[in-house]
Amino acid sequence: MAIITPKPMSGFPELLPEQQRVFNRCIDIIRRNFELSGFTPIETPSVERKEVLTSKGADEKEIYALARLFAGEGESPDTEFALHFDLTVPLARYVALHKEKLVFPFRRYQIQKVWRGERPQKGRYRELYQCDIDAIGRGSLGLLNDAEMPAVIHRIFTEMGIGDFVIRINNRRLLQGFYHWLGVSADHIADTLRTVDKLEKIGRDKVVAELVARVQLDEAIAGQILDFVADDRPVDALLTHLASLPAMSDALFAQGVDELRTVAAGVRSLGVPDSDFTIDLRIARGLGYYTGTVYETKLLAHPELGSICSGGRYDDLASYFTNEKLPGVGISIGLSRIAIALIEAGVLKTDAQTPSRVLVTVLDPSHMSDYLRIASSLRTAGVACEVYFEKGRVGDQLKYADRKRIHFAIIAGEDEFAAGRLKLKNMRTGEESTGSLDEIVNLTTSDR
RNA sequence: GUGGCUUUAGCUCAAUGGCAGAGCGCCUGACUGUGGCUCAGGAGGUUGCGGGUUCGAAACCCGUAAGCCACCCCA
């Protein structure tokens with residue numbers, strides 16, 4: 001029989017055990033911190049009806065549809081379902097469906113896989129984890145929710161130890177107001193936002209060229225826009241400067257500046273140090289539905305990964321599913337992107353290939369019931385362990401423990417059982433100690 | 001969807017058109033109550049796949065697939 005190649009599809013990442021453990025630890029940190037800020041878990045199905053997914057005008061090339069491999073006579077193998085490509089659209093449907101049972105503001109988190117029909121590249125996958133939090137209001141939603149998103153993210157990234165990062169905050173109202181004040185026509189504003197968003201990637205000259213050639217802005221105006229957004233003074237100085245600009249005569253601009261000031265103050269009070277967040281007028285987010293605050297997060301040591309966490313404020317989450325106005329603000333961590341890249345870069349350190357902390361070696365199979373009892377006692381004490389059930393000398397068994405980087409081995413044979421004293425070997429130090437079962441269990445719970 | 005580059009052992013990579021190799025990893029033994037270190041030995045390849053040129057192809061040509069990168073878009 002021909003061997004089927006065991007290689008997974010590119011873009012559908014798969015981890016080795018020690019990597020998976022790091023990845024899961026990241027998920028644990030994210031979940032704990034989401035809950036610490038009062039966000040409640042929900043999970044939506046991996047598939048939605050196609051019409052739900054395309055409601056926001058998503059790029060249909062990005063969506064994987066579900067089909068059966070075979071269809072009966074007169075049946076179509078196609079289904080009306082497709083895999084979700086983000087968690088925001090499903091959230092909108094969920095909230096619209098359950099709004100009479102939910103209490104608003106609704107604060108939920110969701111950690112699930114999503115699928116995108118993309119050409120994979122570094123940091124870009126076709127199957128990936130997204131970790132979203134959103135706060136949804138009914139009719140209205142307080143502005144300080146916008147400050148909470150970066151605060152939660154800051155706690156998570158700090159705890160994960162992913163290295164220095166900067167959460168960049170901006171406000172789309174401010175940008176729109178500014179462009180309006182400059183005289184950019186309404187139907188060119190979205191295009192302008194999107195083009196300026198590329199600044200970091202393609203550089204000032206190309207952005208100006210594109211603004212002039214494609215968006216048909218006056219070159220002088222394009223230049224003014226770029227001077228405006230490239231302003232990188234510190235938060236307070238920038239806010240003061242913005243408030244002094246003649247563009248303050250534009251109501252939208254003034255509102256944006258005001259919102260940004262409130263959000264920045266909130267972020268600071270929620271414990272994010274000034275070194276870790278900034279107001280960056282360059283970011284706009286490509287997505288059209290953001291209306292106010294927007295976020296992007298950059299890893300200083302890995303700028304090539306792009307934004308590892310982004311989001312923003314939207315006026316109306318679920319306009320396709322209900323007439324009721326549901327404004328919200330949310331942020332999403334691209335966990336697969338961060339974790340896989342940082343594991344490969346060695347920033348997130350991998351450890352043992354197993355959760356087992358202790359290996360119970362088997363020297364004398366006639367005492368198997370004793371070995372099993374030892375394992376049971378360890379587990380009752382909360383110590384992860386396993387028994388070596390295979391044929392093998394002590395050397396083989398210790399080698400097994402060594403390769404899986406199991407911290408301790410319990411070694412007991414005829415002599416130990418006769419004396420009622422077990423031997424515990426610390427695999428890291430090589431040090432051995434003896435004691436009763438209880439004493440040994442105790443030793444494995446202490447650090448070292 | 002468009003373009004560029006790449007594909008040789010599990011991994012990283014050599015091999016001027018002339019015997020397909022190294023390092024690391026893996027397995028066995030030295031070592032039947034003690035892992036890592038060392039030493040000795042071993043396994044592992046239709047050179048991505050299909051065709052062509054040639055006395056002879058891993059190498060050159062055509063096709064195809066996959067991978068990487070860039071665009072697009074985005075986490």
Side-chain angles (χ1 to χ4, degrees), chain A residues 2-3 5-13 16 30 57-63 85-88 111-132 153 157 194-195 197-198 201-202 206 210 283-288 290 294-299 302 304-312 330-342 344 359 361-365 367 388 391-417 422-432 434:
Chain A
I3 299 290
T5 174
K7 222 177 161 66
M9 295 288 297
S10 130
F12 291 80
L16 288 169
I30 292 169
D59 186 352
E60 300 193 18
K61 285 192 299 189
E62 292 259 308
I63 301 177
F85 58 89
D86 77 355
L87 300 175
T88 305
I111 301 175
Q112 285 183 244
K113 280 182 175 173
V114 305
W115 292 268
R116 293 186 183 175
E118 304 216 44
R119 230 10 192 274
Q121 278 172 41
K122 188 151 217 75
R124 300 186 56 175
Y125 301 104
R126 297 196 274 196
E127 175 174 75
L128 60 131
Y129 270 96
Q130 285 210 322
C131 311
D132 281 26
I153 294 310
F157 286 166
R194 184 181 287 258
T195 307
D197 200 43
K198 297 182 188 172
K201 201 163 191 175
I202 64 177
K206 284 184 179 166
E210 204 171 314
I283 67 160
R285 310 295 306 134
L287 293 178
Y290 291 124
V294 287
Y295 320 98
E296 275 191 16
T297 309
K298 195 168 63 168
L299 269 181
H302 295 271
E304 77 283 359
L305 283 179
S307 178
I308 56 168
C309 173
S310 7
I331 198 161
S332 173
I333 302 175
L335 179 59
S336 300
R337 169 174 289 187
I338 308 171
I340 295 172
L342 295 188
E344 275 170 13
L359 177 72
T361 63
V362 173
L363 266 61
D364 182 354
H367 278 281
Y388 195 88
K391 282 195 179 29
R393 298 177 304 228
V394 197
D396 297 326
Q397 304 192 34
L398 291 178
K399 187 168 184 174
Y400 171 84
D402 183 50
R403 292 195 54 191
K404 284 202 175 174
R405 298 171 73 176
I406 298 176
H407 201 125
F408 294 104
I410 288 178
I411 302 171
E414 204 50 60
D415 302 346
E416 284 80 5
F417 288 123
L422 306 177
K423 195 184 277 178
L424 179 74
K425 183 177 176 104
N426 184 324
M427 297 298 291
R428 306 218 171 139
T429 62
E431 171 192 354
E432 291 188 355
T434 58

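Keep in mind that the numbers below use all heavy atoms, side chains included, and drop hydrogens, waters and symmetry copies. Residue numbers start from 1 in every chain, and the chains themselves are labelled A, B, ... in the order their sequence lines are given, proteins ahead of strands. For clarity, every value in this text was computed on a predicted model and none was experimentally measured.
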**Study point:** Contact summary for A:Val114 and A:Gln130, nearest pair of heavy atoms
**Key:** CG2-CG, 3.9 Å
Study note, to complete from the structure: Sorted by chain and number, sequence neighbours left out, ring-ring contact (aromatic ring centres under 6.0 Å, His included) with A:Tyr129 holds for A:Phe23
Check your understanding: Roughly how far apart, to the nearest Å, are B:rA43 and B:rG48 at atom P?
Key -> 23 Å
Review point. B:rG1 P sits how many Å from A:Arg116 CZ, rounded?
Key: 19 Å
Exercise for review: List for me each residue that meets salt bridge (Lys or Arg N to Asp or Glu O under 4.0 Å) alongside A:Arg126, sequence neighbours excluded, and say none if there are none.
Suggested key: none
Exercise for review: Could you measure between the two C1' atoms, the one in B:rU46 and the one in B:rG3, and give it in whole Å?
Suggested key: 33 Å
Revision key, fill the gap. Between A:Gly334 and A:Gly395, whichever has its closest RNA chain B nucleotide further toward 5' is A:Gly395
Point to revise | Closest non-hydrogen atom pair, A:Val362 against A:Tyr388 | key: CG2-O, 3.2 Å
Revision key, fill the gap. Pairs under 3.5 Å (Watson-Crick or G-U), crossing ones as [ ], inter-strand ones as |: RNA chain B comes out as (((((((..((((....[..)))).(((((.......))))).....(((((..]....))))))))))))....
Practice item. Spell out, as yes or no, whether a donor-acceptor pair under 3.5 Å connects the side chain of A:Arg337 to the backbone of A:Cys309. Key: no
Check your understanding: Base, sugar-phosphate, or nothing for A:Gly413, non-hydrogen atoms under 4.0 angstrom?
Key -> base
**Study point:** Exam field: side chain A:Thr361 to backbone A:Ile410, donor-acceptor pair closer than 3.5 Å
**Key:** yes
Check your understanding: Does A:Thr195 have any side-chain hydrogen bond (donor to acceptor under 3.5 Å, both in side chains) partners at least two apart in sequence or in another chain, and if so, which?
Key -> A:Arg214
Check your understanding: Quantified in whole Å, what is the P atom distance between nucleotide B:rG44 and nucleotide B:rC61?
Key -> 33 Å
Exercise for review: Figure out the CZ/P separation between A:Phe12 and B:rA66, and round it to whole Å.
Suggested key: 13 Å
Exercise for review: Considering only atom C1', compute the distance from B:rU47 to B:rA58 and round it to an integer number of Å.
Suggested key: 5 Å
Check your understanding: At under 4.0 Å between heavy atoms, what does A:Glu416 touch on the DNA or RNA strands: base, sugar-phosphate, or nothing?
Key -> base
Practice item. Return the value, rounded to whole Å, for the distance between atom CG of A:Leu16 and atom C1' of B:rC11. Key: 11 Å
Exercise for review: Find the distance A:Asp364:CG to B:rU34:P and express it as a whole number of Å.
Suggested key: 15 Å
Review point. Looking at A:Gly392 and A:Gln397, what are the two nearest heavy atoms and their distance?
Key: O-NE2, 3.1 Å
Check your understanding: Between atom NE2 in A:His407 and atom P in B:rG35, what is the gap in whole Å?
Key -> 18 Å
Point to revise | Euclidean distance for P, B:rA20 against B:rU34 (whole angstrom) | key: 45 Å
Are there any protein N/O atoms within less than 3.5 Å of an N/O atom in nucleotides 36-40 of chain B, and if so, which ones and at what distance?
from, atom 1, to, atom 2, distance (Å)
B:rG36, O4', A:Asp402, OD2, 3.3

Point to revise | Donor-acceptor contact below 3.5 Å, side chain A:Ser336 vs main chain A:Leu128 | key: no
**Study point:** Full working for side-chain contact (heavy atoms from CB on, under 4.5 Å) between A:Glu414 and A:His367
**Key:** CA-CA 8 Å; A:Glu414 204 50 60; A:His367 278 281; 3.5 Å; yes
Exercise for review: Answer yes or no: side-chain N or O of A:Glu432 and base N or O of B:rU34 forming a donor-acceptor pair under 3.5 Å.
Suggested key: yes
Exercise for review: List for me each residue that meets salt bridge (Lys or Arg N to Asp or Glu O under 4.0 Å) alongside A:Glu432, sequence neighbours excluded, and say none if there are none.
Suggested key: A:Lys423, A:Lys425
Review point. Heavy atoms under 4.0 Å, any strand shown: does A:Arg403 hit a base, just sugar-phosphate, or nothing?
Key: sugar-phosphate
Check your understanding: Given the P atoms of B:rC74 and B:rG4, what is the spacing between them in whole Å?
Key -> 26 Å
Point to revise | Residues which pass side-chain hydrogen bond (donor to acceptor under 3.5 Å, both in side chains) with A:Asp402, listed by chain and number, not counting sequence neighbours | key: none
Study note, to complete from the structure: A:Tyr400 OH to B:rC27 P, in whole Å, measures 13 Å
Practice item. Describe the nucleic acid contact of A:Leu335 in one word from base, sugar-phosphate, nothing, applying a heavy-atom distance below 4.0 Å. Key: nothing
Below 3.5 Å is the cut-off: list the nitrogen or oxygen pairs between protein and nucleotides 70-72 of chain B, distance only.
from, atom 1, to, atom 2, distance (Å)
B:rA70, OP2, A:Gln121, OE1, 2.8
B:rA70, N7, A:Gln121, NE2, 3.3
B:rC72, N4, A:Arg124, NH1, 2.1
B:rC72, N4, A:Arg124, NH2, 3.4

Review point. Just checking A:Tyr129: base, sugar-phosphate only, or nothing, at a heavy-atom cut-off of under 4.0 Å?
Key: nothing
Review point. Which residues satisfy the ring-ring contact (aromatic ring centres under 6.0 Å, His included) test with A:His302, sequence neighbours excluded?
Key: none
Review point. What is the nucleic acid contact for A:Ile308, judged by heavy atoms within less than 4.0 Å: base, sugar-phosphate only, or nothing?
Key: sugar-phosphate
Check your understanding: Is A:Glu127 touching bases, backbone alone, or none of the nucleic acid, heavy atoms closer than 4.0 Å?
Key -> nothing
Practice item. Could you give the distance separating B:rC27 and B:rC37 at their P atoms, to the nearest angstrom? Key: 13 Å
Check your understanding: With rounding to whole Å, what would you report as the distance between B:rC19 and B:rG25 at their P atoms?
Key -> 29 Å
Review point. How would you list, by chain and number, every residue that makes a salt bridge (Lys or Arg N to Asp or Glu O under 4.0 Å) with A:Lys198, sequence neighbours excluded?
Key: A:Glu210
Restricting to nitrogen or oxygen on both sides, can you table the protein-nucleotides 30-32 of chain B pairs closer than 3.5 Å?
from, atom 1, to, atom 2, distance (Å)
B:rU32, OP2, A:Arg393, NE, 3.4
B:rU32, OP2, A:Arg393, NH1, 2.5

Practice item. Look at the side-chain N and O atoms of A:Arg337 and state whether any lies under 4.0 Å from the OP1 or OP2 oxygen of B:rC74. Key: no
Study note, to complete from the structure: Rounded to whole Å, NZ of A:Lys423 lies from C1' of B:rG33 at a distance of 7 Å
Exercise for review: Round to the nearest Å and state the distance from A:Tyr388 atom OH to B:rG33 atom C1'.
Suggested key: 15 Å
**Study point:** Results of salt bridge (Lys or Arg N to Asp or Glu O under 4.0 Å) for A:Lys113 - residues two or more places apart only
**Key:** A:Glu127
Study note, to complete from the structure: Closest non-hydrogen atoms of A:Val294 and A:Tyr290, given as atom of the first, atom of the second and distance, are CG1-CB, 3.8 Å
Check your understanding: When all nucleic acid strands are considered with a 4.0 Å heavy-atom cut-off, which category describes A:Asp415: base, sugar-phosphate, or nothing?
Key -> base
